[in-house]
Amino acid sequence: MTRGSTHWRIHRFIFSAIVFLIFAANAVNGEDGYRLWLRYDQLPSPERNVYRSQIKSLVVPGQSPTLDIIRRELSDGLQGLLGTAVPMSDSIDSDGALVVVTINSTLAAGLKWKNQIKASGAEGFQIRIEKLNRHFVTVIASETEIGSLHGAFYFLRLLQTLKPIARLNVNEQPRLQLRMLDHWDNLDGTIERGYAGQSLWNWSELPAINPRLRDYARANASLGINGAVLNNVNADAKILSAEYLRKVAALADCFRPYGIRVYLSPRFSAPIDLGGLQTADPLATEVIAWWKQKADEIYGLIPDFGGFLVKANSEGQPGPRTYNRTHADGANMLAAAVAPHHGVVIWRAFVYDMKPDYDRAGAAYEELQPFDGKFAANVLLQIKNGPIDFQPREPFHPLFGAMPKTQVIPELQITQEYLGFSNHLVFLASMWREFLDSDTYARGAGSTVTRVADGSLYHQKITGLAGVANTGTDRNWTGHHFLQANWYAFGRLAWNPNLSAQQIADEWIAMTLTRDRNSSQAIARIMIESHEEVVDYMTPLGLHHLFWGGHHYGPAPWWTREKRDDWNPVYFHRADKTGIGFDRGPSGSNTVAQYHAPLRELFGKLDSCPEKFLLWFHHVPWDYRMRSGRTLWDEMALHYQRGVHWVRATRKRWESMKAAIDDERHEAVARRLAIQERDAIAWRDACLLYFQIFSKRPLPAGVEKPAKTLEEYKAKSLLDN
Ligand code: GCW
């Protein structure tokens, strides 16, 4: 061996070590979750080679901010996934070009399927293999640049999930029009019910644009989310001041090329708070004029401003009822102000005035259903999925299917106010699936919530889906790595409310976590099981709102300290020596009658009520025989135990996947699973020990002895541990 070759080897060794260190450092930094599902790391080799032979150049003609974004996304994405740069070209001069065109561009002149492209609508797209300029190429075609952007992300997703692309014939368009994130962000940077850091909007820094805002917009655009309500529905009137509107306009400018419009939550009393008027009465001329002028001012700065999302006369917010006017009066007055600019007003149905002996679950229906048909054409009524408040499980809200002449939009909560904050792994797609698949029977069997929401049941013109965001300034956006999947799932379902939870989980895992086959399957199983199991350890069999007052983290079924009865767990579970549950049937509040037949009978009778909703609709004796043959008490206790077992088993499963997941995310998830186990045990013990005071029955075989006493659980909330 010569001296030279030894030297060469040493050099080569040092060089490789440096390269390795750089890569290792990148890998570690890169796996902090910031990149979400848009990771674009190199694909495994057989697929990579096939794709390389199919995508040889990139042709994205034209100049505009959106086209620049498409070019950057595709070229970065392809370079990352294929491990080699795909050259940009101005023209189609070989087979294997990936061509992105809008219908009016010169390159699209030869396309024979223009009518189909038009039929995909302003935000949809088509992808086909086509002979253009004598070459076989892949064409992403759409009516608008935003449609092309959605198509580009769709194409990249095909690669990320290792789907074949040789014979593409894709026709995609969103099933719902307004696909919106509602941010409950306050102007001081805090987020109401936010568990992933501070607000992404830094008001003191705006109108300067932090680069992270583009990443936020890009992530949303990759799913087709097209609206963001920037501020909390518990609104500060200041958001409508000239100073803040300039900042809002900067955000709108930043989001526009990604196809995202901004919306605001106005405070109904803004004419008083900001305008110095004596009243905010929606029928007062000066109030009408003030809002009209405010709308003109907003649209002067933001021509494509989406509109207003309003929480009125709810939980202390001002509203039209303050002036003895109706919700329709309030909504329609604001709607008239934005109508000339094609804006919408989204009026929230989350209203529940406390009356003696009333049932909170029936309040919104009683208050709003009589106004069906009374709202202006640019008003939507935004209804939470369930009649109470984003509980781990609720039956669907009876207003779905009860407002045939009103445009309704479902509101989901992505942030986990009642589902363990950003500490518990819960995949919400399963819960949303259950909600969307619920049959309202409004027009006979098959009248699902999806069909109400997508306008096919009542032909509503404007449709949509809203989700209360779970994003924040945490490096990984959502606090817990797995909860990125809920942002993802929300966006995918808003685009296509028929997707299965399994498909969404599979996509997200492949794009975000791992492509290892066994681990992917095991992770998908964990995700799909998670919702039912969290229900098991928190609120099984139709129980609801057993949460610690105020922050809603952890159990406190004993709670009576809130000033309103209907904010206290004891109001909801009604445990006593005879049994447990809220009687909403004919012998009780009878709000079950708000559902269409046959649901009102099905839910209303003890023996036909689905057990998952049993204690939602009935007050049931402790010794009631469940379908399993066990007593209610034993069954309830076993549900709590099952939830705990599941978390323990999930921790083990997660440990066994260590090799398939990067250390950084694996450890972070493992740490949160440990908290989840601690919390599940606390839920089981605290609820069973407390309910046992009334049931006076022993824990059945198979349920573990409580880890602490009831007094210990009462003394300290889980947040203070
Ligand atoms: O879920 C409840 C929350 C409030 C929230 C309210 C609402 C924004 O506890 O924090 O306020 O619902 O949806 O308006």
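We use all heavy atoms of the structure for the numbers below, so side chains are in, but hydrogens, waters and symmetry mates are not. Fair warning: this is a prediction, and the values are worked out from it, not measured in the lab. Start at 1 and go down the list; that is how both ligands and their atoms are numbered. Sequential numbering from 1 along the given sequence is applied to the chain's residues.
- Comparing Gln413, Glu411, Lys384, Glu417 against atom 12 (O) of ligand 1, the shortest heavy-atom distance belongs to Lys384.
- Remark: the backbone N or O of Asn313 is not paired with any side-chain donor or acceptor of Arg321 at under 3.5 angstrom.
- Any N or O atom pair closer than 3.5 Å counts here, and Asn234 shares at least one such pair with ligand 1.
- When ring centroids are compared, His552 and His545 come within the 6.0 Å threshold.
- Among protein heavy atoms, atom 2 (C) of ligand 1 sits closest to Asp389 OD2, 3.0 Å.
- Checking Glu533, Glu529, Glu677 one by one against Trp646, the side chain to side chain donor-acceptor pair (under 3.5 Å) holds for a single residue, Glu529.
- Every atom of ligand 1 is numbered from 1 in the order shown, and the set under 4.0 Å from a heavy atom of Glu192 is 4 (C), 5 (C), 8 (C), 10 (O), 11 (O).
- Under 4.0 angstrom from ligand 1, there are no non-hydrogen atoms of Val468.
- Lys311 NZ, 2.6 Å is the protein heavy atom nearest to atom 14 (O) of ligand 1.
- Proximity to Asn232 (heavy-atom distance under 4.0 Å) selects the following atoms of ligand 1: 8 (C).
- Both the sub-6.0 Å distance and the 45° axial angle are not jointly satisfied by Arg193 relative to the ring of Tyr195.
- A cation-pi arrangement is present between Arg584 and Phe582, with the terminal nitrogen or guanidinium carbon under 6.0 Å from the aromatic centre and inside a 45° cone about the axis.
- For the residue pair Asp566 and Tyr358, a side-chain donor N or O sits within less than 3.5 Å of a side-chain acceptor on the partner.
- A salt bridge between Glu532 and Arg393 is present, with a side-chain N of the basic residue lying under 4.0 Å from a carboxylate O of the acidic one.
- Heavy-atom contacts of Arg193 reach the following atoms of ligand 1: 3 (C), 4 (C), 9 (O), 10 (O) (cutoff under 4.0 Å).
- The nearest protein atom to atom 6 (C) of ligand 1, hydrogens excluded, is given as Glu315 OE1, 3.3 Å; this is a heavy-atom distance.
- Less than 4.0 angstrom separates some heavy atom of Phe350 from each of these atoms of ligand 1: 6 (C), 7 (C), 12 (O), 13 (O), 14 (O).
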